[in-house]
Amino acid sequence: MSRFTGKVVVVTGAGSGIGQATALQFSREGAAVVLVGRTEEKLQKTLSQLATGDHLVAPCDVANVDQVKALRDRVAEKYGRVDVLINNAGSVVQGRIHEVQPDDWRKLMQVDLDGVYFCIHHFMPDLLKTQGNVVNISSVSGLGGDWGMSVYNAAKGAVTNFTRSLAMDYGADGVRVNSICPGFTLTDLTEDMKDDEALLERFYDRIPLRRAGQPDDIASAILFIASDDARYITGVNLPVDGGITASNGQPKQA
Ligand code: NAP
């Protein structure tokens, strides 16, 4: 199956986790993938695993608007088109709000929210030409509250509503905008939790499918929503979470 042959797909945060798995799946389906992240070595490692194609390693800090503009110009010069933008780069801040320092707040907002805006702002003119689409990687944390995650939730909640309004603004132009909302997924972001068996047990108790997500589980949903298979879907924030949203986070009753 090659749903993306001839398409150019920009994936931010492509050096690890969900972004890396997404880049791999897009390359297997024929896309030329632009690998974006701050650390070139990580992007090169992703590149070495991709299926053959005309891919591009493009180091860029999405929190820096000048770097994002330069990224857009570099992509335009190489390919002359963009079909799909995956806004996946992100970081996390934990703690109750009186413990969170203004610098931590700012840094998180600069990556998880400003970065999404900068990329959409600069790539939208290209997407309008191809009638392409945007997939923002939000989170189940963008759909409801969570303990000790208010800063992250504020950013991801903004991304889910941003997604809805952008879908409205660009629908008539043929540009779709959706988000994927992963639940707990095993990546570098959750590295510090993966050996805490008691914590994992509590998590799994609330997840109907009884396991954490793998990056490939999320990537498959990203490819679906970015593909023509989802041509009548826009403005959706799709949970890909083993059912935790459906369960309202309630543990299984004995
Ligand atoms: P990850 O492995 O840490 O991936 C995040 C990637 O983003 C890294 O490769 C990082 O590379 C890149 N990045 C961070 N800041 C950046 C910046 N300013 N500019 C460009 N790239 C940047 O974590 P992940 O779990 O795959 O996260 C991917 C997305 O999924 C995030 O938006 C996250 O919020 C979301 N998500 C994750 C989970 C989960 O449980 N894992 C759940 C819900 C949502 P560099 O440091 O080299 O730049």
Side-chain angles (χ1 to χ4, degrees), residues 10-25 34-47 49 57-72 85-94 104 106-119 122 134-144 146 149 151-160 162-163 179-194 196 199-200 203-204 206-207 211-219 221-222 237-242 244-245:
V10 176
V11 181
T12 73
S16 59
I18 293 168
Q20 183 178 68
T22 301
L24 258 65
Q25 289 199 18
V34 180
L35 303 168
V36 179
R38 289 170 303 184
T39 316
E40 176 154 12
E41 302 78 66
K42 286 167 58 179
L43 301 177
Q44 291 291 352
K45 202 166 160 207
T46 298
L47 178 69
Q49 297 170 48
V57 165
C60 169
D61 181 347
V62 298
N64 180 317
V65 69
D66 296 331
Q67 289 189 28
V68 173
K69 185 180 181 315
L71 167 72
R72 183 267 153 195
L85 168 64
I86 310 293
N87 282 310
N88 167 75
S91 57
V92 74
V93 167
Q94 293 186 43
D104 300 328
R106 263 194 299 275
K107 275 187 199 148
L108 182 113
M109 291 297 165
Q110 281 166 357
V111 180
D112 291 31
L113 191 52
D114 294 4
V116 173
Y117 157 64
F118 293 155
C119 289
H122 281 295
V134 177
V135 184
N136 296 320
I137 310 310
S138 181
S139 169
V140 291
S141 299
L143 300 171
D146 212 344
M149 300 286 284
V151 180
Y152 183 72
N153 286 21
K156 293 299 191 182
V159 169
T160 56
F162 193 33
T163 299
S179 98
I180 293 294
C181 299
F184 177 57
T185 308
L186 294 172
T187 68
D188 291 355
L189 208 65
T190 50
E191 178 68 21
D192 53 342
M193 302 181 198
K194 83 171 191 330
D196 187 339
L199 178 79
L200 291 182
F203 256 129
Y204 298 161
R206 296 159 58 202
I207 301 173
R211 67 171 176 87
Q214 294 292 340
D216 263 333
D217 297 325
I218 313 302
I222 293 171
N237 295 293
L238 178 68
V240 182
D241 63 352
I244 196 164
T245 307

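We count ligands from 1, going down the list as the structure has it; atoms in each ligand are counted the same way. Keep in mind that what you see is a predicted model, and the values were worked out from it rather than measured. Atoms considered below: every heavy atom in the structure, side chains included; atoms not considered: hydrogens, waters and symmetry mates.
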Are [X] and [Y] packed together at the side-chain level, in the sense that at least one heavy-atom pair is separated by less than 4.5 angstrom?
X	Y	result
Ile137	Thr22	no
Val65	His122	yes
Cys60	Val68	yes
Asn153	Ser141	yes
Tyr152	Leu108	yes
Asp217	Arg211	yes

Residue [X] vicinity, atoms of ligand 1 by number, heavy atom under 4.0 Å:
X	result
Tyr152	33 (C), 34 (O), 35 (C), 36 (N), 43 (C), 44 (C)
Phe184	40 (O)
Asp188	2 (O), 3 (O)
Asn88	28 (C), 29 (C), 30 (O), 31 (C), 32 (O)
Cys60	19 (N), 20 (C)
Gly37	20 (C), 21 (N), 48 (O)
Gly17	2 (O), 26 (O)
Ile137	29 (C), 30 (O), 32 (O), 35 (C)

With the threshold set at under 4.0 angstrom, would you say [X] reaches ligand 1 through any of its heavy atoms?
X	result
Ser138	yes
Lys156	yes
Ser141	no

Worked verdict on Asp112 versus Val159 for side chain to side chain contact (heavy atoms under 4.5 Å, CB included): CA-CA 8 Å; Asp112 291 31; Val159 169; 5.8 Å; no

Just need the protein heavy atom nearest to [atom], so name the residue and atom and give the distance.
atom	result
atom 24 (P) of ligand 1	Thr187 OG1, 3.5 Å
atom 11 (O) of ligand 1	Lys42 NZ, 3.1 Å
atom 46 (O) of ligand 1	Arg38 NH2, 2.9 Å
atom 4 (O) of ligand 1	Ser16 OG, 3.2 Å
atom 18 (N) of ligand 1	Asp61 OD1, 2.8 Å
atom 6 (C) of ligand 1	Gly13 CA, 3.6 Å
atom 42 (C) of ligand 1	Gly183 O, 3.2 Å
atom 40 (O) of ligand 1	Thr185 N, 2.8 Å

Among Leu43, Val11, Leu71, whose side-chain contact (heavy atoms from CB on, under 4.5 Å) with Val36 holds?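 It is Leu71, the one option of Leu43, Val11, Leu71 that forms the side-chain contact (heavy atoms from CB on, under 4.5 Å) with Val36.
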
For the pair Val151 and Asp104, evaluate side chain to side chain contact (heavy atoms under 4.5 Å, CB included) and give the outcome as yes or no after the intermediate values. CA-CA 9 Å; Val151 180; Asp104 300 328; over 6 Å; no

Test side chain to side chain contact (heavy atoms under 4.5 Å, CB included) applied to Lys156 and Met149, step by step: CA-CA 10 Å; Lys156 293 299 191 182; Met149 300 286 284; over 6 Å; no

Could you pull out, from Asn64, Leu189, Ile218, the option with a heavy atom nearest to atom 3 (O) of ligand 1?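 Checking each option, the heavy atom nearest atom 3 (O) of ligand 1 is found in Leu189.
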
Nearest heavy atom to atom 19 (N) of ligand 1 wins, so pick from Leu43, Val62, Leu186.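 Selected option, by shortest heavy-atom distance: Val62.
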
Step by step, work out the side chain to side chain contact (heavy atoms under 4.5 Å, CB included) result for Ser16 and Thr187. CA-CA 8 Å; Ser16 59; Thr187 68; over 6 Å; no

Between Val111 and ligand 1, which residue portion shows a heavy-atom distance shorter than 4.0 Å: side chain, backbone, both, or neither?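 For Val111, only side-chain atoms sit under 4.0 Å from ligand 1.
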
Any idea which part of Thr190 is under 4.0 Å from ligand 1, heavy-atom wise: side chain, backbone, both or neither?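 The part of Thr190 near ligand 1 is the side chain, not the backbone.
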
Can you confirm whether the side chains of Asn237 and Ser138 place a donor and an acceptor under 3.5 Å from each other?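 Judged by distance alone, the side chains do not pair up.
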
Please work out whether the ring planes of Phe184 and Tyr204 are parallel, tilted or perpendicular, with thresholds of 30° and 60°.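 Because their plane-to-plane angle lies in the 30° to 60° range, the rings of Phe184 and Tyr204 count as tilted.
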
May I ask you to check whether Val36 has an N/O atom sitting below 3.5 Å from an N/O atom of ligand 1?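 No; every N/O pair is 3.5 Å or more apart.
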
Minimal non-hydrogen separation, Pro182 against Thr185, with atom names: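 Between these two residues, the closest heavy atoms are CB-OG1, 3.9 Å.
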
